[in-house]
Amino acid sequence: MTQSDLLEGLNPPQREAVTHAGRPVLVVAGAGSGKTRVLTRRIAYLVSQRDVHPGSILAITFTNKAAAEMRSRVIDLVGNRARLMWVSTFHSACVRILRSEIDAMGFRKTFSIYDDTDAKRLMTLVARDQNLDPKKFPPRALLNWVSNCKNELITPDQAIAKASGLDEVRAEAYKAYNERLRAANALDFDDLIMTTVLLFQQHPEIREAYRRRFRHVLVDEYQDTNHAQYLLIKQLCGDLGPDDGLPDDAPRITPGELMVVGDSDQSIYAFRGATIRNILDFENDFPGARTILLEQNYRSTQTVLSAANAVIQHNSGRPDKKLWSEAGAGEQIVGYVADTEHDEARFVAGEIDSLVDGGRAKYSDVAVFYRTNAQSRAFEEVFIRVGLPYRVVGGVRFYERREIRDALAYLRAIANPSDDVSLRRIINVPKRGIGERAEVALAMLAANEQISFADAIERAEQAPGIATRSLNQVRAFGQMMADFRAMVDAGLPASDVLEAVLKRSGMIDELRNSSDPQDETRLENLIELVKVAQEFVAQATTQDLAGQDDFEVVASTGTDGAADPGAELAGALATAQPEPDASLGAFLERIALVADSDQIPDAGADAGVVTLMTLHTAKGLEFDTVFLTGLEDGIFPHMRAMTDPAELAEERRLAYVGITRARKKLYLSRSVVRTMFGQPAYNPASRFFAEIPDDLIDWRRKESEVASWASGAAERTASARAALGSGTIFGTGRGQAIKKTLPTVNTGDRVLHSTYGMGTVVATHGSGDNAKADVDFGSSGVKRFALKYAPLEKL
DNA sequence: TACTTCCTGCTTTTT
DNA sequence: GCAGGAAGTA
């Protein structure tokens, strides 16, 4: 494709973004303004330039899926020449850098990557070691605190130095946690970024090599970057000034060209440290920067956009930008008030059915969004019943399942013998007679001798007080692990190692012989994992060959004065050629960084499926028809976000993201009653509803039949719950004291009355012998009964 | 040591 | 309304 072909169909600001040269550029792009398209075209445009080497391009996307898509699109546009560019997430890019440089930071190359669950487990251990009260210092909160430190690049010692009050405890926990990570030769997600930045700061010569290499850096979803990621960008292509750590007389290279794309209205990851400061201060951070505005929306109808604009305008302190569209008004937004979450799901299913039956949509054009993963259940139940094909993205993640984590813990313990956390996880999986006592004995040996747990297994006979029977088991286990490691050393691919592990460890046999019906799915999951490994190995081998294809190295002439990047680049690239890597380590790396959202069905490939996902997962996607569900105060906006204005603003941005995913048709729905924590709750309409002009909404059902009594129901639920605590029959559903003498009745339960027939409990009052319930019998109205006497039977 | 049965707390959102 | 932990039992 020629360069003018690449500009085809772009509007003037888009063209400007694609072709600009020199200064750093911030592209402020509204929803649906084609920013991914612009990024893709720009990369292709760069590659098609004679003096730009594709290996000098680094593009950062939010997910691996987005990276893969962008990569293949660019290759489609300009050919295999583009294969040498880096397109990846921040985390993958950092891992790739750390893989070659990590020894400079005191880790060994076989380092493990700990995800959130591993980190939490480790922090729980640390908190226990330090005798912290889990009520006062929940591991989850400690981890958040640590994560904030890491995002701000604060080391444990710095944290301790500046901490006061309770933070002193947290800082100590941070230090202990990090020491254990280090001992396990492991990094958590935040470490990946932080360590890379520290690497660059502490080793300017390494940093310079990468600065020379990456002449073009592009970052998508810049509003969702955190401080550490900003620092990383700055190290790679910012102006570092006199503090760059180089000798005064060393030659400096001109920073590479930077382009970031983002929309501060779509910032939805502040909870994990993302800050729109990065966008707002871009022009200060990168002097001489210019800003390009993309305001035309190519995705949605004006109705959808008007709704989105109306909602987001309730956030204060944002630069006003008005999205506009030439797509015409389009259809009205459909509003629906359901009685229960199942009713809501039935409505959604019914609408999808009639859209598809009427030939107005394919299943794959439709998406259902909700705030929390737990909300998917009602939809799944109803969709299964009516036979609507669907797919849930995210939720109980594949890689979070116990059997998968067990298998991966094996692999990690094999690849990284220092990884005590993984090793201790699987030493008795499946059960092989190495119990708690034996494990403690080994742990003590390891602690006394200052050796790793794996080494303690080698010397198990020295473990204090270990039983002979356990000792034999430990020896057998140690031998098995040694055999696995030998397989890795012999260069066997990851899939072979995995298969051997599953067979020899006995995990497969255990599941096969089990009577637990759940174990059948577990077995299937493990087989799926083997398939993933096989695909990975196959891909690793073929990709390497394809990379050689018709690629020719084009020497860069270098547009910078200070140094000639061309010659150095050629040298850097010679070593940067990917090796055929189907190894266990490479596989683990891939697994650790791939989120389940990377498995979003491709629009074409998975044609017959409705997509269910959280609003967060929906970012960056678009669908003809979107159902935005659960619009209730307490659900969306989420209860925990309602008190804090900043968090509420983020919820509103989330709503904005959700609305703007729709191309043509948008449904908004809420439910009056919703089961939460296993019991019903009454939530008022989401405030976001009121923020949308009513004339945009076509209400299919505006009032619930239960609405008349439900208006006061929220308070009633609250007071019933408050009265509850312990020993009463309502609310918790765990009423221990009176369980046997009185029927336990909760709001929402169906009951049978000897005179009035079937009814639904709509509210409860009092407790113990005074307990009363209001029951709705439909046409007979609502009656109040004392449970002690009433002829009520729970159904 | 392993299986059982309570019991608790949990729900934001994810690279 | 479920999973993961603690404590109790075979």
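Since the structure is predicted, the reported quantities are computational estimates derived from the model, not experimental observations. Residue numbers start from 1 in every chain, and the chains themselves are labelled A, B, ... in the order their sequence lines are given, proteins ahead of strands.
- At the heavy-atom level, Arg140(A) lies nowhere under 4.0 Å from the strands shown.
- With dG1(C), dT14(B), dT15(B) as the choices, the nucleotide that has an atom nearest any side-chain atom of Phe677(A) turns out to be dG1(C).
- Residue contacts for Asn373(A): at a heavy-atom cut-off of 4.0 Å it reaches the sugar-phosphate backbone alone, with no base atom in range.
- As judged by a 4.0 angstrom heavy-atom cut-off over every strand, Glu439(A) is placed among residues making no nucleic acid contact.
- Positionally, the nearest nucleotide of DNA chain B for Ala467(A) lies more toward the 5' end than for the other of Lys120(A) and Ala467(A).
- Remark: C1' of dT11(B) and CD of Glu341(A) are 14 Å apart, rounded to the nearest angstrom.
- In this structure, the CD atom of Gln223(A) is 15 Å from the C1' atom of dT13(B), given to the nearest Å.
- What separates CZ of Arg437(A) from P of dA2(B) is a distance of 13 Å, to the nearest Å.
- The gap from the P atom of dG4(C) to that of dT13(B) amounts to 15 Å, rounded to the nearest Å.
- Regarding Glu651(A), its CD atom lies at a distance of 11 Å from the P atom of dT13(B), rounded to whole Å.
- Listed nucleotides dC3(B), dC2(C), dT11(B) differ in distance to Ala374(A); the shortest reach to its side chain belongs to dT11(B).
- In this structure, Phe688(A) has its ring center closer than 6.0 angstrom to the ring center of Phe636(A).
- One atom, CG of Leu593(A), and another, C1' of dT15(B), lie 8 Å apart when rounded to the nearest Å.
- For Arg277(A) and Tyr230(A), the positive end sits near the middle of the six-membered ring, less than 6.0 Å away and at most 45° from its axis.
- Contact annotation: Asn428(A) side-chain N/O to dT1(B) OP1/OP2 distance is not under 4.0 Å.
- Put simply, Thr614(A) has a side-chain N or O that comes within less than 4.0 Å of OP1 or OP2 on dT14(B).
- Heavy atoms of Phe90(A) sit nowhere under 4.0 angstrom from any nucleic acid atom.
- By the neighbour-count criterion of 12 heavy atoms within 6.0 Å, atom CZ of Arg140(A) is densely surrounded, having more than that number from other residues, nucleotides or ligands.
- Closest to the side chain of Thr372(A), from the set dT13(B), dT14(B), dT1(B), is dT13(B).
- Atoms CZ (Arg272(A)) and P (dT13(B)) sit 13 Å apart, rounded to a whole Å.
- Along DNA chain C, the nucleotide nearest Arg402(A) and the nucleotide nearest Thr675(A) are compared for position; the residue whose nucleotide lies closer to the 5' end is Thr675(A).
- No donor-acceptor contact under 3.5 angstrom links the side chains of Ser88(A) and Asn64(A), judged on distance only.
- Remark: Thr617(A) is not in phosphate contact with dT13(B), judged by side-chain N or O atoms under 4.0 Å from OP1 or OP2.
- Residue ring and nucleobase are not stacked for Tyr269(A) and dT14(B) under a centre distance beneath 5.5 angstrom and an angle between planes beneath 30°.
- Across all strands, Ser470(A) comes closer than 4.0 Å only to sugar-phosphate atoms, never to a base (heavy-atom distances).
- Each of Ala641(A) and Arg432(A) lies near DNA chain B, and the nucleotide nearest Arg432(A) is the one positioned closer to the 5' end.
- By the 6.0 Å contact criterion, NZ on Lys234(A) is enclosed, its count of non-hydrogen atoms from other residues, nucleotides or ligands being greater than 12.
- Across all strands shown, Gln375(A) has no heavy atoms under 4.0 Å from either base or sugar-phosphate atoms.
- Going from atom CE of Met639(A) over to atom C1' of dG9(B) covers 14 Å, rounded to whole Å.
- Nearest to the side chain of Thr89(A), among dA6(C), dC2(C), dT15(B), sits dT15(B).
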Verify side chain to side chain contact (heavy atoms under 4.5 Å, CB included) between Arg475(A) and Glu461(A), making sure each step is shown before the conclusion. CA-CA 9 Å; Arg475(A) 285 212 177 110; Glu461(A) 62 283 350; 3.6 Å; yes
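- Here the two rings, on Tyr269(A) and His616(A), have centers that are under 6.0 Å apart.
- Comparing dG1(C), dT13(B), dT15(B) against the side chain of Arg377(A) picks out dG1(C) as the nearest.
- In this entry the distance linking CG of Asp191(A) with P of dT15(B) reads 18 Å, nearest Å.
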